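Have a look at the structure below, then the notes.
Counting begins at 1 with the first residue of the sequence. From a predicted model like this one, the values you see are computed outputs, not experimental measurements.
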Amino acid sequence: MCRLLTMQMDMEGSHTASIAAGNHDIRVIVDGFDYGAASGMAPGARIAVYKALYTFGGYMSDVVAAVDQAVEDGVDILSLSAGPSSVPSGDSAFLDVLELQLLFATKAGVLVVQAAGNGGPSSSSVISFSPWITSVAASITDRKYNTTIVLGNGQSFTGTGLSPPTDAEIDYNIAAAADVCVRNATIITVDSCQNPESFIRPLVYKRLIICTYTFEYEYEAASIATVADTMMEIGAAGFIITLDPNIGPEVVKGTMLTLQIPAIVLNDMQASSALWEYYNANTIRDKRGQAVVFAAKARILDGRQAIYTGQAPVVASYSSRGPDVKNALMQTVDVLKPNVMAPGTSIWAAWSPDSEGDKYVKGQSFALISGTSMATPHIAGIAALIKQRHPKWGPDAITSAMMTTADRTGHSGAPILAESSNELIHATPFDFGAGSINVSQAMKPGLIFNVTFKHYVQFLCAVPGIDVKSVKKAVGVACPTKNKFKCSDLNLASVTISNLVGKRKVIRYVKNVSHKEKYTVHIKEPLGVNITIIPESFRIKRRGSRRLRLIFEAIEATNAYTFGEMVLKGKKHIVRVPLAVYVGSTSSS
């Protein structure tokens, strides 16, 4: 039976632990509504939880001590939904105290799975740096919660809001917050609907109140929850949040909060404008401009029913991106980050009713949360299943299996997309690593890429800017006197070259963990690069190893990263290896 360590912020402990190893087929009931069944990734795994972080954050010494204790206690998988707030200072991020502690955990046979961070979609925003760590990106799944508002004129608009419906077939009068407020209230404060004292109770009773997403919404989820509290206190029938045209199109976060009052967030400028047009056309005002007759009506439908679109996973906008960096100067390095992607958006999981972390979920047994912190325990739990199937596999083999079998496309064969600042674009390995986790295929990868502690030390010795004495002081092992090893030579299930000048030879070793098989190697070359692979095909016996030599030749200076892949096709297995190359110069002279 596999043993997992979970470590995360105090208020997320139950949530992430239940994602990794929660019981199977548990009904998710919140405010009396049944949202369906939830299951952990590895329900049979044992969990050890070490409290090292709190709602205010924590101290690195406590985190290091927790990791050390976990290794001593014999855990198999470490799920770390936490990381530094920025790139560590010093010669290299790889020599940071936490990175080194996780290296020693890896040496002890513990697979370290860490959140890539929530700094996306900015480039080089990952906060999980080292090649011995499996860094996880977050995706949006095909499960959607849509709420619909139907206006009195028959128009209907879709928004978000996990809320109950208004009474069936009954249209309620609509009133703008600014039209039902006390005289001394400021319009901006009233529009955000944060204070019940701003409203005239008889004018809001049993009406749908229009609130506006204003600049005051610094913490969106809390603000929406405060709106709900306000509306319930003043006796409104529900509320509608529209976008402020002065702000422009915004993704209103925090809309996945479960609400006890009918509500909808119109996070689309066209829908917001159409609602206001209908409202103004059906509101009669006196000479002073004050509303005296509220004739606009609407009803809100149930927003708690999930729909499944069947679309491929999409890289979430908040998910931190590569390329990986080696220091606070943001110098890139020959390591692919993130490594793999898992669901992280709107994840139902357990919540402690006594948690003090979020007052708007207090008292609930489940919560719907988003972040790479949620994606991480998905991978940790899946890793536990792989470990159970292959108990002799080390952390390197498990990571390799998950990466080489990951999906780059959806069921239709179309490429996986990524949320950018304001559009969807084709995802790259810097968005999702090797791709979206494919659990069934990861159990039977065919070939794996092995890496040992010795190789990680060689990698550290090869990182430009790291003094060899610093490496020996950090890991207790001296660097080779004649070290021809390059960072790109680390036997990972990916190849990243942060500055290709002229030609570079890269070696990879594969091990067969299945039956005897013949493989043919196919290369999709990154732009500006010519790649020669030796051999182009090979037979490999069970438990056998094979050396692959890749020669990268710069044929056009791109001054940007471009991407490709190496695909090893066998009769029963397909092994995919992402390639990321920055061509600095076509000449090595």
Applying side chain to side chain donor-acceptor pair (under 3.5 Å), run through Ser130 and Tyr456 and close with a yes or a no. CA-CA 10 Å; Ser130 299; Tyr456 289 130; over 6 Å; no
Which residues share a ring-ring contact (aromatic ring centres under 6.0 Å, His included) with His573, sequence neighbours left out: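 His573 satisfies ring-ring contact (aromatic ring centres under 6.0 Å, His included) with no other residue.
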By ring-ring contact (aromatic ring centres under 6.0 Å, His included), which residues pair with Phe129, not counting sequence neighbours?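 Result, ring-ring contact (aromatic ring centres under 6.0 Å, His included) vs Phe129: none returned.
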For side chain to side chain contact (heavy atoms under 4.5 Å, CB included), just list the numbers for His390 and Ile386, CA-CA rounded to whole Å, side-chain angles, deciding distance to a tenth of an Å, and then say yes or no. CA-CA 6 Å; His390 306 283; Ile386 298 173; 4.1 Å; yes
Residue pairs passing the side-chain hydrogen bond (donor to acceptor under 3.5 Å, both in side chains) test where at least one lies in residues 435-448, sequence neighbours excluded: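 Every side-chain hydrogen bond (donor to acceptor under 3.5 Å, both in side chains) pair that includes a residue of residues 435-448, provided the two are not neighbours, is Asp407-Asn438, Asn438-Ser440.
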Worked verdict on Leu162 versus Phe33 for side chain to side chain contact (heavy atoms under 4.5 Å, CB included): CA-CA 11 Å; Leu162 283 168; Phe33 185 81; over 6 Å; no
Closest approach of [X] and [Y], non-hydrogen atoms and distance?
{"X": "Pro526", "Y": "Gly564", "result": "CG-N, 3.8 Å"}
{"X": "Thr376", "Y": "Thr372", "result": "OG1-O, 2.8 Å"}
{"X": "Met374", "Y": "Gly344", "result": "CB-O, 3.8 Å"}
{"X": "Ala375", "Y": "Ala137", "result": "CB-O, 3.4 Å"}
{"X": "Asp396", "Y": "Val451", "result": "OD2-N, 2.7 Å"}
{"X": "Gly83", "Y": "Gln114", "result": "CA-NE2, 3.8 Å"}

With under 30° as parallel and over 60° as perpendicular, where do the rings of Phe563 and Tyr561 fit, or are they tilted in between?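 Geometry flag for Tyr561 against Phe563: parallel rings.
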Take the angle between the ring planes of Tyr35 and Trp348 and call it parallel below 30°, perpendicular above 60°, tilted in between.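 Ring orientation of Tyr35 relative to Trp348: tilted.
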Give a yes or no answer on whether the side chain of [X] reaches the backbone of [Y] with a donor-acceptor pair at less than 3.5 Å.
{"X": "His522", "Y": "Lys569", "result": "no"}
{"X": "Asn512", "Y": "Ile540", "result": "yes"}
{"X": "Glu517", "Y": "Lys571", "result": "yes"}
{"X": "Asn339", "Y": "Ser135", "result": "yes"}

Atom [atom1] in [X], atom [atom2] in [Y]: separation rounded to 0.5 Å?
{"X": "Ser320", "Y": "Lys337", "atom1": "OG", "atom2": "NZ", "answer": "12.5 Å"}
{"X": "Thr428", "Y": "Arg408", "atom1": "OG1", "atom2": "CZ", "answer": "12.0 Å"}
{"X": "Ile77", "Y": "Ile398", "atom1": "CD1", "atom2": "CD1", "answer": "5.0 Å"}
{"X": "His378", "Y": "Ser139", "atom1": "NE2", "atom2": "OG", "answer": "8.0 Å"}
{"X": "Ile133", "Y": "Leu98", "atom1": "CD1", "atom2": "CG", "answer": "6.5 Å"}
{"X": "Arg508", "Y": "Asp489", "atom1": "CZ", "atom2": "CG", "answer": "7.0 Å"}

Using the rule given for side chain to side chain donor-acceptor pair (under 3.5 Å), can you reason through Asp334 versus Ser498, listing the C-alpha separation, both sets of side-chain angles and the distance that settles it, and then say yes or no? CA-CA 5 Å; Asp334 296 352; Ser498 58; 2.7 Å; yes
Please say whether more than 12 non-hydrogen atoms of neighbouring residues, nucleotides or ligands are located less than 6.0 Å from NZ in Lys144.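 Atom NZ in Lys144 is crowded, with more than 12 foreign heavy atoms closer than 6.0 Å.
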Greater than 12 external heavy atoms within 6.0 Å of Arg543's CZ: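 Atom CZ in Arg543 is not packed in, count stays at 12 or less.
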Evaluate Leu368 against Thr258 for side chain to side chain contact (heavy atoms under 4.5 Å, CB included), listing each step before the verdict. CA-CA 8 Å; Leu368 193 67; Thr258 55; 5.5 Å; no
Please determine whether side chain to side chain contact (heavy atoms under 4.5 Å, CB included) holds for the pair His426 and Leu417, giving the CA-CA distance in whole Å, both sets of side-chain angles, and the decisive distance to 0.1 Å. CA-CA 5 Å; His426 287 296; Leu417 301 177; 3.7 Å; yes
Is any side-chain heavy atom of His455 closer than 4.5 Å to one of Trp132?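 The answer is no; the side chains never approach within 4.5 Å.
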Testing the 3.5 Å rule here: is there a donor-acceptor pair between the side chains of Ser352 and Ser14?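 No, no side-chain donor-acceptor contact under 3.5 Å.
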